[in-house]
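Order of the sequence lines sets the chain letters (A, B, ...), proteins ahead of strands, with each chain counted from 1.
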2 protein chains.
Amino acid sequence: MNYVEAKKEFIQTWGTLGNHWGTNRTMSQIHALLLISPDALTTEDIMNELSISRGNTNMNVRDLMDWGLVHKVLKQGERKEYFQAEKDIWKVATQVAKERKKRELDPMIKALEKLSALEGPGKDKKIKAFKNVLEDIQEVAKNTDKTLNTMIKAEENWFWSQLLKVFK
Amino acid sequence: MNYVEAKKEFIQTWGTLGNHWGTNRTMSQIHALLLISPDALTTEDIMNELSISRGNTNMNVRDLMDWGLVHKVLKQGERKEYFQAEKDIWKVATQVAKERKKRELDPMIKALEKLSALEGPGKDKKIKAFKNVLEDIQEVAKNTDKTLNTMIKAEENWFWSQLLKVFK
DNA sequence: CCAAACTTTCAATTTCAATTGAAAAATAAA
DNA sequence: TTTATTTTTCAATTGAAATTGAAAGTTTGG
């Protein structure tokens, strides 16, 4: 397998996986493309490489920036915007964990709180079962939340400590 | 909010969340319904409660069984199949982690192995960048794999030790 | 073996999200 | 200010996945 084939396959694979992470296929394909590009790319480059429309490219690049996975790069004397992926994969993983927590876990915890607040003492079998499930889920959710927070904080500390080393 | 409303909302919420877990909306709604039902339900019960077709119910219940989240229950002298959700939420969480690992992480690791095996020594900037990314991702993926395995095993041990207690 | 009870399959349809592309808006140079 | 370049928006379209429902398949009691 040569570079061109491997690249194609990598983009394909990463795109499929993206579905599972909460990012859509195209978004992950753009991410993959930028990850393996040594240099920053323009919207046009991305359109051509992936054969997708300008609108699609624009929206998904913006989403990638919202996720903190891609950054805008401005070049001296050029008007076009260039895009560059965050290359530190640990940072990518942390970033994804952070965003997913924000988008999935946090809303779930809120929804559960709302639901469990609004039920009086249950005599009925059904109500008892319902309240039990709510409590149990809340327990798991809060534990997960704590664990993720710890991981994210650890990773952030590590990042800053690495950064400090550069200036020491 | 009364029981009926809370139930509706819980099913709704769980369904929305399901999208993020790799299970589809209906599948998670059925799961939610079974989670809060003190007793096992039939296909008909599920159809009526959620206003969905027989075919849809059947397929999604089967998927839930594939995920290990729901079990078939046979009742004395009854011909119908009843369905019951796994109620231990920690077990549910473990099960989901296990399945997602199988469906997402494992294929990714395989794909990466295939890709990184098939590249000779790279002189080109592009090829170097590509190989770097592959290596880094593999590192993260393998770490994640190890962590998940540890968690799953820990949970399984805990489960069996709990079970043993019952018979002691 | 037959018929009733129940489950599974699958082609056709519906639904919803992703995508397009052209027009509008923004930005910067002349 | 005008013009040229680039980005953003969004109504219309496309495409993929979910859903239906009726027909086919399976199982069990008589």
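- At whole-Å resolution of the value, CG in A/Asp63 and P in D/dT7 are 17 Å apart.
- Residues B/Lys8 and B/Glu49 are not paired through a salt bridge, judged by the lack of any N-O separation under 4.0 Å between the basic side chain and the carboxylate.
- Residue-level contact check: B/Asn24 touches the backbone only, with heavy atoms under 4.0 Å from sugar-phosphate atoms and none from bases.
- The nearest whole Å value for the distance from the CG atom in B/Asp66 to the P atom in C/dT8 is 12 Å.
- Nearest-nucleotide mapping onto DNA chain D: of A/Glu78 and A/Arg62, the residue sitting toward the 5' end is A/Glu78.
- Where A/Phe83 and A/Asn19 each meet DNA chain D at their nearest nucleotide, the meeting point lying more 5' is that of A/Phe83.
- Taking atom CD of residue A/Glu44 and atom P of nucleotide D/dT5, one finds them 12 Å apart after rounding to whole Å.
- For A/Arg54 against D/dT8, no side-chain N or O and base N or O form a donor-acceptor pair under 3.5 Å.
- Each of C/dT7, D/dG21, C/dT20 was ranked by its minimum atom distance to the side chain of B/Ser53; first place goes to D/dG21.
- Rounded to whole Å, the distance from CG on A/Leu64 to C1' on D/dT7 is 17 Å.
- A donor-acceptor contact under 3.5 Å is not formed by the side chain of A/Arg79 with the base of D/dT6.
- Close placement of the A/Trp14 and A/Trp21 rings is indicated, their centers lying within 6.0 Å of each other.
- Side-chain atoms of B/Asp45 come within 3.5 Å of backbone atoms of B/Thr42 as a donor-acceptor pair (strictly under, hydrogens ignored).
- Here the side chain of A/Ser28 pairs no donor or acceptor atom with the backbone of A/His31 at under 3.5 angstrom.
- Remark: P of C/dA18 and CD of A/Gln29 are 13 Å apart, rounded to the nearest angstrom.
- We find that CG of A/Asn60 is positioned 15 Å from C1' of D/dT7, with the value rounded to whole Å.
- If you take NZ of A/Lys72 and C1' of D/dT8, they are 11 Å apart, rounded to a whole angstrom.
- Considering only side-chain atoms of B/Ile52, the nucleotide from D/dT20, C/dT7, D/dT19 that sits closest is D/dT20.
- Position along DNA chain C of the nearest nucleotide to B/Asn58 versus A/Thr26 favours B/Asn58 as the more 5'-ward residue.
- Checked by atom type and distance alone, the side chain of A/Arg100 pairs as donor or acceptor with a backbone atom of B/His20 at under 3.5 Å.
- Atom-to-atom, CG of B/Asn56 to C1' of D/dA22 comes out at 15 Å; the value is rounded to the nearest Å.
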